[in-house]
Amino acid sequence: MMDREKLERISELKEMWEKELEDLKEREQPAETVSGQPIKMLYTPLDTSDLDYETELGFPGYYPYTRGVQPNMYRGRLWTMRQFSGFGDAYDSNQRYRYLLEQGQTGLSVAFDMPTLMGYDSDSDRSIGEVGRCGVAIDSLEDMEILFDQIPLDQVTTSMTINGPAAILWCMYLATAEKQGVSLDRVGGTIQNDILKEYTAQKSWIFPPEPSMRLITDIFAFASEQVPRWNTISISGYHIREAGSTAVQELAFTLADGFAYVEAGINAGLDVDRFAPRLSFFFNSHIDFFEEICKYRAARRIWARRMKEKYGAKDHRSLKMRFHTQTAGCSLSAQEPENNIVRTAYEALSAVLGGTQSLHTNSMDEVLALPTEKAVKIALRTQQVLAYETGVANTIDPLAGSYFVEAMTDKMEAEAEEYFQKIDDLGGVLSAIDQGFFQQEIADAAYEYQKAMDRGERVVVGVNRYRSGEAPEIEILRIDPEVERKQLERLKRLKETRDYNRVSACLEELKRCAASGENLIPKILDAVRAYATEGEITAALKEVFGEYKEKPLF
Amino acid sequence: MQQLVEELLAGNRRAAARLISKVENDEPEKRELLKEIFPHTGNAYVIGVTGAPGSGKSSLVDCLLQQMRSENLKVGVIGVDPTSPFSGGAILGDRIRMQEHALDQDVFIRSMGTRGSLGGLARATREAIQVLDAFGKDIILVETVGVGQSEVDIVKTADSTMVVLTPAGGDSVQTIKAGIMEIADLFVVNKADFPGTERTLTEINMMLDMKEDDRWRPPVMRTVSVRSEGIEEVWKSLRVHRRFMEESGRLLEIRRDRVRRELTEQVEYLVKNRIWDRVKEQIEFDSLVEKIVLRRRDPYSAAHELLEKIDFYGEGHKEGG
Amino acid sequence: MEDRKIRVLVAKPGLDGHDRGVKVVARALRDAGMEVIYTGLHQTPQQVAETALQEDVDVVGLSILSGAHMTLVPRIKEMLNENGMGDVLLLVGGIIPEEDTEKLISEGYANQVFTPGEPLEKITAYIFDWFKAKPGS
């Protein structure tokens with residue numbers, strides 16, 4: 001926004017500087033982001049000469065929200081420190097949650113084990129060896145009640161990372177709140193519930209796309225009437241990035257999924273402003289510091305613009321992209337795990353400078369196992385040092401106006417728009433998934449990344465450079481195999497003592513409702529209150545909906 | 001008889017797997033083994049499935065498998081994927097869609113790379129079919145590579161050939177190579193829930209109208225394999241085609257052609273083997289090459305010369321040259 | 001007779017859905033000239049063993065990131081033995097703590113374990129070396 005004369009003068013100076021460079025040697029490592037995005041040596045006002053403050057940046061809390069979604073951001077309230085956690089059985093995890101809350105964590109985040117994520121009970125033969133291993137085992141309402149024992153659900157918000165069976169686990173949470181005497185309109189939290197990225201990245205699907213989308217819109221509708229404080233979906237880029245995508249792909253594919261959900265909601269007859277305010281997002285924070293900050297800013301701007309211009313959203317809350325961030329698991333190393341503390345700290349910093357609403361920092365040992373108490377405490381302290389000692393939370397969007405950051409934000413937005421066009425050309429997100437578009441892009445990027453690492457172009461300290469060759473000498477968390485046995489025992493007792501007739505009737509009603517198209521949530525709630533297990537409910541729905549089968553690409 | 005063959009005939013799956021490997025790797029005992037297997041072949045019905053990548057062939061095969069199994073038929077499946085011409089390696093992913101049949105004792109699935117052959121099938125596919133035939137399979141499904149260009153090998157190997165198309169790719173029927181359209185005994189338009197289905201069906205039918213084969217007009221069907229829609233009809237059509245092949249005598253015709261080709265190949269193979277090593281031993285070979293390069297000899301008369309050197313023509317034969 | 005192709009089964013046993021690693025490895029093995037059969041996700045140990053049998057593979061590679069390896073790997077090894085495929089090379093990749101690696105190898109359940117961060121060529125080299133040293137190759 002400088003005048004022509006000034007810009008021309010700067011251009012001349014730039015040429016002079018470039019001449020100087022001709023005689024200087026450059027370092028060997030390619031000047032690219034971790035995603036392969038080329039970075040210039042220097043950015044100047046010439047790179048941002050078109051930038052208009054009002055329309056491109058604006059004020060925090062004002063359209064297009066590039067600088068942040070709340071007017072006072074961290075000056076009003078710090079981001080939520082929400083460490084993802086869960087292992088063993090509900091008693092074990094309940095203990096860990098109460099520990100974390102005592103240590104100053106401000107919100108809960110539940111990690112479920114593989115059988116729970118995939119809709120199987122602990123006593124299924126698919127579950128052998130997997131119970132409680134990478135998250136907490138939840139088979140029924142009884143387990144959920146134990147999980148939140150002595151944790152008041154009207155005072156603590158909970159995020160649950162669950163997708164295929166999200167509706168079921170959500171109902172168990174709501175029923176638990178009821179049992180605590182908390183009315184549903186005071187219950188707050190998030191369910192991930194983002195099935196589209198399951199098909200392309202995380203791969204914990206159950207049903208095919210159509211019935212899965214129906215379950216999601218049922219959740220939107222129910223929540224908008226009865227659980228207004230609940231974030232019904234956490235549209236995720238984290239897993240897409242972990243599967244190997246570039247930062248622009250993470251940005252574009254996540255937003256494309258988001259728009260697909262908006263369209264699904266609208267097509268289901270809901271007014272966009274009724275459900276859009278409760279859509280939230282979940283991004284990765286990878287190791288390339290500036291790329292991530294630009295990604296978050298571009299994301300907010302793209303979302304706001306499209307929601308307003310394409311989908312006609314009027315409520316300002318529909319335009320505000322709120323997101324949770326997790327530091328990148330795939331950037332961590334198994335070798336010299338203490339280095340991961342440092343990586344996580346930088347990644348946390350970029351998430352905060354990018355304006356995240358909530359943050360999980362990885363523990364250093366997560367490439368080897370689930371985190372120990374010691375490791376997770378360090379991860380939490382990382383956030384606390386960041387929040388209370390570094391001062392970065394004292395001012396909003398401090399990097400705005402940086403020639404580099406604004407140029408890169410614009411570039412990422414433009415590249416994302418190219419992807420949106422490609423996806424449209426393929427017939428939309430569901431069609432693109434069917435044609436394997438996302439999967440192929442991700443697989444190609446992952447392969448390129450690995451090759452760059454093997455060639456030494458991509459440096460990972462302690463892994464392919466400055467290797468000490470020592471085996472990691474840290475204590476890691478072990479899941480006691482007793483967990484599986486105890487869980488099976490408890491499940492058996494539950495099945496013996498509950499009213500099976502009631503369960504059976506609920507399951508039949510569930511199947512009828514699934515086939516008829518009515519909102520399934522009330523029926524799932526009934527089944528859950530009768531202590532039907534997750535596996536039983538999933539199996540009933542599978543009868544009506546079928547199962548998804550993937551066609552993998554390389 | 002070799003032990004492996006005995007085990008194969010007794011229904012041992014490991015033996016079947018090992019035998020297929022041996023023929024694939026062209027091991028020295030291959031011919032002996034095939035000789036012993038041969039009398040036990042001729043029972044299986046071979047169905048070829050071809051079509052462009054992305055048309056959902058594997059998922060269709062999976063659906064057909066279910067149909068066949070519901071009639072208690074024993075089925076063998078061979079999935080062929082392209083071998084990389086650069087590395088010689090291959091990723092064989094056809095069986096992913098069929099893995100729920102992995103534990104069905106009466107289904108045997110084998111993945112093969114083309115290993116350099118260009119016709120959409122692996123060189124050893126035919127021999128692998130014989131192994132599965134002798135193994136007792138009623139039906140053998142062969143899924144080809146499907147690059148669309150040179151998929152014609154399948155027609156020499158299969159009794160019924162199914163061509164799978166999809167409207168989703170946006171290709172019109174005209175852009176698909178002519179050869180593929182000629183070989184179909186049955187057309188299936190899969191992913192028929194996508195736009196463009198009607199147009200694709202019409203184009204195929206128009207093309208068929210222009211051909212004049214009054215013996216069999218390939219049915220043109222539509223399916224949505226991920227929802228198992230239209231599968232029963234496809235299976236029915238396949239059975240109808242088989243009946244046609246059997247009753248019209250066409251099946252016997254093509255099997256006769258197949259045997260004729262096989263016998264010719266075997267003779268050529270033996271002749272080639274017998275003669276070639278002896279020819280190459282001749283010192284004259286390399287010097288002849290040099291002379292031909294300098295245009296002092298021509299390759300035609302040089303070849304005669306070499307064969308004379310190994311007494312190919314027998315006593316008293318003189319050829320001009 | 002052509003060059004003998006090494007056939008490798010790469011499998012995802014159990015409920016773990018992370019397939020980034022297994023796909024990257026599959027590509028690398030293909031680029032090294034091997035035939036790679038991929039089972040897809042969510043395979044039971046029986047499915048893995050039966051697939052190895054039908055495909056008559058030389059190598060079985062298991063990718064497990066869910067922590068269930070101490071149950072899954074021994075089971076699969078047992079079933080391979082039952083199928084007469086006891087001398088197949090069994091490799092494991094994923095989230096496997098050092099202690100478990102030692103146990104899996106010393107008790108004969110796996111030949112080798114590869115952790116994240118190891119270069120792909122280490123895996124291909126290992127397979128080639130093993131194959132060359134095999135009797136009868």
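All chains are named by letter (A, B, ...) in the order of the sequence lines, taking the proteins before the strands, and each is independently numbered beginning at 1. Everything numeric here is computed off the predicted structure, so don't read it as measured data.
The distance from the OG atom of S204(A) to the NE2 atom of H18(C) is 8.0 Å, given to the nearest 0.5 Å. A distance of 3.5 Å separates OH of Y447(A) from CG of D31(C), quoted to the nearest 0.5 Å. To the nearest 0.5 Å, the span separating CG on L65(C) from CE on M114(A) amounts to 10.0 Å. Between the CZ atom in R126(A) and the OG1 atom in T44(C) there is a gap of 6.0 Å [rounded to 0.5 Å]. One finds the CD atom of E130(A) at 7.5 Å from the CG atom of D16(C) (value rounded to the nearest 0.5 Å).
For a residue to count as touching a neighbouring chain, one of its non-hydrogen atoms must lie under 4.5 Å from one of that chain's; by this rule I128(A) touches chain C with backbone and side chain alike. Using a 4.5 Å cut-off between heavy atoms, Q202(A) touches chain C through its backbone atoms (N, CA, C, O) alone. Only the side chain of R75(C) has a heavy atom closer than 4.5 Å to any heavy atom of chain A. Neither the backbone nor the side chain of V460(A) comes within less than 4.5 Å of any heavy atom of chain C. Residue P481(A): no heavy atom, backbone or side chain, is found under 4.5 Å from chain C. For H69(C), no part sits under 4.5 Å from any heavy atom of chain A, backbone or side chain.
By the 4.5 Å heavy-atom criterion applied to side chains, Q450(A) and P119(C) are not counted as neighbours.
Interface check for chain A: of the options R30(C), E121(C), E99(C), the most heavy-atom pairs under 4.5 Å are formed by E99(C). Note: D100(C) leads I96(C), L72(C), T115(C), D100(C) in heavy-atom pairs under 4.5 Å with chain A. Per-residue heavy-atom pair counts under 4.5 Å with chain C were compared for K549(A), H239(A), R478(A), K451(A), and the maximum is reached by R478(A). Chain A forms the most heavy-atom pairs under 4.5 Å with one residue out of V24(C), T71(C), L15(C), and that residue is L15(C). For chain C, the option among C330(A), A443(A), C134(A), A243(A) with the highest count of heavy-atom pairs below 4.5 Å is A243(A).
Summarising the local packing, NZ of K542(A) is surrounded by more than 12 heavy atoms from other residues, nucleotides or ligands at distances under 6.0 Å.
Here the closest heavy-atom approach between residue P116(C) and residue A334(A) is recorded as O-CB, 4.3 Å. In terms of heavy-atom proximity, G129(A) sits nearest to A68(C) at O-CB, 3.2 Å. Here the shortest heavy-atom pairing between I95(C) and L368(A) reads CG2-O, 3.2 Å.
Salt-bridge check for K23(C) with D444(A): failed, with every basic side-chain N at 4.0 Å or more from each acidic carboxylate O.
A donor-acceptor distance shorter than 3.5 angstrom exists from the side chain of R20(C) to the backbone of E242(A), with no hydrogens or angles considered.
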